[in-house]
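Accompanying notes for the structure given below.
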Amino acid sequence: MHFSSKIIDWYRANKRELPWRNTRDPYKIWLSEIMLQQTRVAQGLPYYELFLEHFPTVRDLAEASEKKVLKLWQGLGYYSRARNLHATARTITYDYGEKFPDTYPELKKLKGVGDYTASAIASIAFDRPEPVVDGNVYRVLSRYFGVTLPVNSTEGMKYFKTLAREVMDPERAAEYNQGLMEFGALQCTPRNPGCDTCPLNNSCVALQKDQVGELPVKLKKSKVRNRYFNYLVLLDEHGNTRLQQREDKGIWQQLYEFPLVESQEILEQESIYNKVEETLPGYDLSSVSLENEEPIVHKLSHQHLHTRFWRVEIPGELERGIPLEELDEYPVPVLIADYIKTLKNSYF
DNA sequence: AAGCCGGGGGT
DNA sequence: ACCCCAGGCTT
């Protein structure tokens, strides 16, 4: 039996029941694909349900504020996905008459829709014979066909895309694509793959050559950068604090955080005092207290953020203050959300 | 081609 | 500590 047929048979017997598999609505397919970029099904699933509750149609999403979209996205990471999702919802609604494009090249023009996602929507929602190549597919194909080309090199990406197209079943693209990805997620896993029970174990090149553990080949990984964050948590006598919005570069664009002092190394208390003096001239520094002596290390995939929170008690009423009760309306990074929880516990 | 962009879970 | 996840965008 052929590769694609075995994948589809395996899929029919082993597939998970997932909400976006019970629909051909391109809006829902698109939403699920954006959310699942670099994200596990288990992590993305609750967000998918949440978004459909708040935005049943693409128009509902288009008419929402970016702040609300980011708030609902909070915790899922890679926030440019949320901003692009919102922008594309508006494009579909206001420029495309609420109708999704149904071909690969047209889909790929949408913000946040790259090669993978355009292929996924074209095949799953519209039955186009477009092969998808995601992290699962790289792994399965490199092992089964014994391909040692680095999957994240330009040459490798072209090769695997071509290979995926050659071995796909164009008549059953939707099922084949989803089956191949599901197979990678559940059977041909990164570590401890289920080769013993694999329906392809009599023809898998990597298994025959004992190279399952070495495939797929990937090019290096970038180094982790250390950063030192000091957040000034202003608190006035009315229980107001202050947030500021992060700008158009770097991490957490458009999300909110407390006023930030960043430094190359861990700051001495003296330096923080100086910063407070600059910000609030004549301020009584005896009301500044360090919340956590041991920095909280918030780990992103490419940065470690060594973070201290300083509580700054403000006499009277703060300008541009936000009541603590309203803090949860603001989209914030997980690092800030976690601190806000403890802040509220200590305050109330 | 390389770097950047989150957060969580598995090993 | 390191790897991976239904990748895409910018430089």
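The basis for the numbers below is simple: all heavy atoms, side chains too, and nothing from hydrogens, waters or symmetry mates. Protein chains get the first letters and strands the later ones, always in sequence-line order, with residue 1 at the start of each.
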Measuring to OP1 and OP2 of B:dG7, would you say a side-chain N or O of A:W252 lies under 4.0 angstrom away?
yes
Just checking, A:K71 and A:Y330: is the charged tip under 6.0 Å from the six-membered ring centre and within 45° of the axis?
no
What's the CD-P distance between A:Q74 and B:dG6, to the nearest Å?
13 Å
Answer yes or no: does a side-chain N or O of A:K223 lie under 4.0 Å from OP1 or OP2 of B:dC4?
no
For DNA chain B, the dot-bracket pattern of Watson-Crick and G-U pairs whose distances stay under 3.5 Å, | for other-strand partners
|||||.|||||
With P as the reference atom in both, quote the distance from C:dC9 to B:dG8 in angstrom, rounded to an integer.
24 Å
Between C:dA6 and B:dC5, how far is it from one P atom to the other, in whole Å?
23 Å
Check whether any side-chain N or O of A:R81 sits under 3.5 Å from a backbone N or O of A:L76 as a donor-acceptor pair, and report yes or no.
yes
At 4.0 Å (heavy atoms only), tell me whether A:Q253 reaches a base, stays on the sugar-phosphate, or touches nothing.
nothing
Verify whether the ring centers belonging to A:F100 and A:F126 lie closer than 6.0 Å.
no
Please report, to 0.1 Å, the donor-acceptor pairs under 3.5 Å made by any side chain of residues 190-198 of chain A, with sequence neighbours excluded.
residue, atom, partner, partner atom, Å
A:T197, OG1, A:Q187, NE2, 3.0
A:T197, OG1, A:G194, O, 3.4

Parallel, tilted or perpendicular for A:Y231 and A:F229, by the 30°/60° rule?
perpendicular
Within-4.5 Å side-chain heavy-atom neighbours: A:E53 and A:Y48:
no
Value in whole Å for how far the C1' atom of B:dC4 lies from CG of A:L305
14 Å
Can A:M35 be reached from A:V58 by stepping across I, L, V, M, F, W or Y side chains whose heavy atoms are under 4.5 Å apart?
yes
Yes or no on side-chain hydrogen bond (donor to acceptor under 3.5 Å, both in side chains) for A:S119 and A:K108, after CA distance, side-chain angles and deciding distance?
CA-CA 8 Å; A:S119 302; A:K108 200 168 178 307; over 6 Å; no
Could you give the CZ-to-P distance, from A:R191 to C:dC2, as a whole number of Å?
13 Å
Taking NE2 from A:H298 and C1' from B:dG8, how many angstroms apart are they, rounded to a whole number?
10 Å
Contact pattern, 5' to 3', of nucleotides 6-11 of chain C - B, S or - by protein heavy atom under 4.0 Å:
BBSS--
Taking any heavy-atom pair under 4.0 Å as a contact, classify A:I34: base, sugar-phosphate, or nothing.
nothing
Residue pair A:Q244 / A:F258, side-chain heavy-atom distance below 4.5 Å
no
Close side-chain approach of A:E247 to A:W252, heavy-atom, < 4.5 Å
no
Go nucleotide by nucleotide along DNA chain B from the 5' end; which of A:H302 and A:D338 gets its closest nucleotide reached first?
A:H302
Atom-to-atom span, CG of A:N152 to C1' of B:dA2 - whole angstrom
11 Å
Are A:Q303 and B:dC4 close enough that a side-chain N or O sits under 4.0 Å from OP1 or OP2?
no
Whole-Å distance, A:N192 CG to C:dC4 C1', equals 14 Å
To the nearest Å, give me how far apart CG (A:L70) and P (B:dG6) are.
11 Å
From CZ of A:R143 over to C1' of C:dC4, roughly how many Å is that when rounded to an integer?
12 Å
